[in-house]
Amino acid sequence: MTAPFVQVALDVPLDRQFDYCAGEIPTQVGQRVVVPFGRRQQVGIVLGHSADSAFDPARLKTITQVLQHEPLLDADTLALLKFCADYYHYPYGQALLSALPTRLRQTQAAVSRKQYLYALNELGLAAGLDAIPKRQAIQRRLYSALLQQVGQHGSGMSEAALAALSPSWRKAVNALQQMGWLTAHEVIAGLSLASPSTLMPPILNPDQAEAVTRILAKAKEFAPFLLHGITGSGKTEVYMRLIEQQLADKPGQALVLVPEINLTPQLEARFRSRLPQFPLVSLHSNLGESERLQNWRLAQSGQARIVIGTRLSVFTPMPHLRLVIVDEEHDGSYKQQDGMRYHARDVALVRAQRAGVPIVLGSATPALETWHNAQTGKYGLLSLGQRAVAAAALPQIRCIDVTKQPLQDGLSPALIEAMRTRLARGEQSLLFINRRGYAPVLLCGACQWIAPCTRCSSRLVVHLRQGRLRCHHCGHEEKIVRQCPSCGNADLHATGHGTQRLEQTLAALLPQARILRVDRDSTRRKDALTDMIAAVHADEVDILVGTQMLAKGHDFPKLTLVGVIDTDSALFSPDFRAAERLFAQLMQVAGRAGRADKPGEVLIQTAFPEHALFNALRSQDYAAYAQALLQERAITQFPPYQYLALLKAEANEFALVSGLLRYAADWAHAHGTDVLSYEPVRPQMERLKGMERGQLLMQADSRAPLQCLLRTLVAALREHPLNAKVRWAVDVDPLEF
DNA sequence: AGCACGCCGACT
DNA sequence: GTCGGCGTGCTC
């Protein structure tokens with residue numbers, strides 16, 4: 001008996017389902033359908049069937065199209081997204097649809113283009129790199145990359161891998177094909193069916209071996225672990241052993257989450273060459289829509305055994321999930337900052353629990369929440385103490401007291417001297433400064449006027465080379481003014497230091513050094529960062545100047561000095577997580593110094609060399625510092641001892657924001673049993689992109705009362721007259737304020 | 001969110 | 001006289 005009515009979830013900000021009359025073709029739960037909604041056709045997901053409808057049956061419309069040849073969203077995925085929609089107070093329909101590849105959100109039946117893997121053939125190999133003219137830089141680059149693949153396992157490179165090397169890769173590939181050097185094999189995208197690696201896996205050190213043993217002892221149940229180990233301690237090898245074991249039984253699948261950085265290809269390559277027997281797909285933002293859909297389907301069908309992906313891939317259906325890994329679990333990019341504001345690490349934990357499989361959270365500097373759970377025994381704690389790479393010693397970390405040394409354009413004599421030494425020895429240095437542009441403020445010497453952004457409550461940053469003032473928050477730009485608009489004085493100073501100014505200072509100070517600046521401005525071009533990293537490896541650079549984008553991942557063997565310029569503002573930030581983040585960041589930059597055979601040195605310029613953070617950093621003692629921070633959090637009543645939720649609101653006029661937040665605060669006071677609700681406040685950035693902002697913080701010592709309040713509050717706000725005029729969102733477990 | 005309908009100001 | 005501003009209301 002087919003029920004006459006169907007409940008459908010749609011991508012609309014209305015937290016309810018819509019009933020339709022079933023059409024000729026029967027539907028199943030989890031199926032994609034197209035339905036008439038208002039005046040247009042929308043994609044929906046079937047959530048259920050019923051014999052009657054609460055809606056006026058005469059007004060019910062009929063399903064337009066059932067996409068019956070597509071696989072269904074399985075019950076586990078639906079349930080996980082339902083859980084998240086409830087926990088993060090986001091409409092279920094929107095949560096569901098936003099977890100799908102964009103192709104599946106569109107009303108057309110989803111087709112995916114054929115995918116190819118490219119490899120050099122014998123003719124191409126025989127020709128050699130020198131057969132390509134020097135000026136065909138892209139062809140040469142692709143050729144070199146393809147050449148590297150050859151020895152390994154003859155699988156070739158995907159279109160995405162080639163595209164990562166150059167935006168005009170297709171032209172170059174066509175040229176190489178014209179010459180008959182290149183073979184294209186059609187593949188089910190991403191699935192390399194390579195022969196097993198002939199490389200012997202490295203021998204595990206005792207810490208690694210114990211980690212693997214302890215996790216595998218719980219191979220078939222939900223068991224969360226924190227794998228704590230510094231850069232180079234061999235976390236990745238542990239992941240690979242676990243995958244190997246958990247996937248040995250045929251249909252098993254593993255999900256590996258990685259932060260949103262350009263590092264996915266490296267990890268992917270490593271997994272592919274070490275575990276060639278398991279078809280692997282990746283899911284990240286650099287993927288084209290067609291490839292993304294293809295990979296998603298391979299995961300959903302179980303054909304892909306390993307899925308490596310960024311935060312959104314935590315929702316990818318995987319019918320035979322046996323293991324979840326969250327690498328660099330402390331990384332802030334796991335938190336979605338708009339739409340459904342989920343934390344992929346937390347969702348991964350829920351997912352592992354529901355699936356009854358082990359989950360491994362890896363980090364050198366775990367989030368305090370995670371560390372706390374490991375300390376209280378909620379998570380198993382596995383520490384990798386020693387560096388797996390035998391020769392690599394820990395870098396020496398020192399502070400330079402900037403109050404005791406005269407600075408030259410922001411640089412201390414000690415740091416300059418250290419760079420000179422490296423230059424003389426032919427080694428590389430990295431200067432880490434968290435501020436791009438030339439100078440962070442333009443100041444009038446006469447009246448103290450500071451160039452402000454018109455749309456945000458922020459200062460405009462001087463970009464001298466372009467002759468522009470830029471807002472780093474909204475992208476607003478204007479010409480550098482010559483006269484103070486306030487007092488007419490021409491005595492305007494670019495004050496403070498950014499990457500551009502540092503680059504200029506260094507060029508004057510060390511004229512013989514080859515300096516490379518790496519920040520969002522200099523890497524705007526599509527493959528600029530790849531080129532720059534290649535230049536560093538090719539030893540074409542002596543000093544790197546850059547922002548935190550340099551902190552992550554890349555290994556530069558000749559880099560032996562890291563200088564940290566200006567981090568003091570984070571030491572006394574009003575954000576209670578600032579110290580935790582700074583520590584993680586500094587540990588990460590410190591990890592850049594001295595790999596392989598050369599010992600590294602880290603010099604930190606600060607006015608507070610005795611600060612506890614630096615003491616902990618010097619001894620590379622995460623545990624001690626985490627303990628100190630946790631004590632602070634316990635006293636100040638912050639996470640992980642309290643649970644937080646933030647109601648964020650913005651509108652053209654502050655009065656509207658204030659009105660909505662006032663209502664919310666009153667509601668919270670009246671209905672929030674066991675919840676502490678603060679007064680509405682304005683965030684650091686009071687105005688952003690022309691919108692006036694405000695927020696309301698609520699806290700409780702367990703999740704339940706907070707969730708209980710949020711449920712009624714959200715429902716009340718949706719009914720509130722200001723709902724239409726104010727954009728608001730609930731952020732459960734917020735990371736940023 | 002879209003996309004209607006609906007009632008008041010400056011344009012061919 | 002219309003074109004178009006965005007206020008408010010609805011979508012099975």
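Reminder, nothing fancy here: chain letters follow the sequence lines and each chain counts from 1. Since we're looking at a predicted model, the values are computed, not measured.
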Starting from [atom2] on [N], measure out to [atom1] on [X] and report it in whole angstrom.
X	N	atom1	atom2	result
Leu656(A)	dT8(C)	CG	P	11 Å
Leu60(A)	dC10(C)	CG	P	18 Å
Asn723(A)	dT8(C)	CG	P	13 Å
Glu719(A)	dT8(C)	CD	P	16 Å
Gln42(A)	dC12(C)	CD	C1'	12 Å
Leu10(A)	dG2(B)	CG	P	13 Å
Asp56(A)	dC12(C)	CG	P	12 Å
Arg105(A)	dA1(B)	CZ	C1'	14 Å

Is Phe18(A) stacked on the base of dC12(C), meaning ring centres closer than 5.5 Å and planes within 30 degrees of each other? no
Glu289(A)/Arg103(A) salt bridge by N-O under 4.0 Å criterion: no
The answer to which of Arg727(A) and Arg39(A) contacts DNA chain B further toward the 5' end, by nearest nucleotide, is Arg727(A)
Any side-chain N or O of Arg40(A) under 4.0 Å from OP1/OP2 of dT11(C)?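 No, outside the criterion.
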Within the structure shown, what part of the strands sits under 4.0 Å from Tyr20(A) by heavy-atom distance: base, sugar-phosphate, or nothing?
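Contact class for Tyr20(A): sugar-phosphate only.
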What is the nucleic acid contact for Leu14(A), judged by heavy atoms within less than 4.0 Å: base, sugar-phosphate only, or nothing?
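Answer is base: heavy atoms of Leu14(A) come under 4.0 Å of a base.
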Do Asp575(A) and Ser573(A) meet the criterion of a side-chain donor-acceptor pair at a distance under 3.5 Å?
->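 Their side chains do not contain a donor-acceptor pair, so the 3.5 Å distance test is not met.
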His330(A) vs Ser363(A), test: side-chain hydrogen bond (donor to acceptor under 3.5 Å, both in side chains). Steps then yes/no.
CA-CA 7 Å; His330(A) 65 279; Ser363(A) 177; 2.7 Å; yes
In Tyr87(A), Tyr334(A), Phe315(A), the residue satisfying ring-ring contact (aromatic ring centres under 6.0 Å, His included) with Tyr342(A) is Phe315(A)
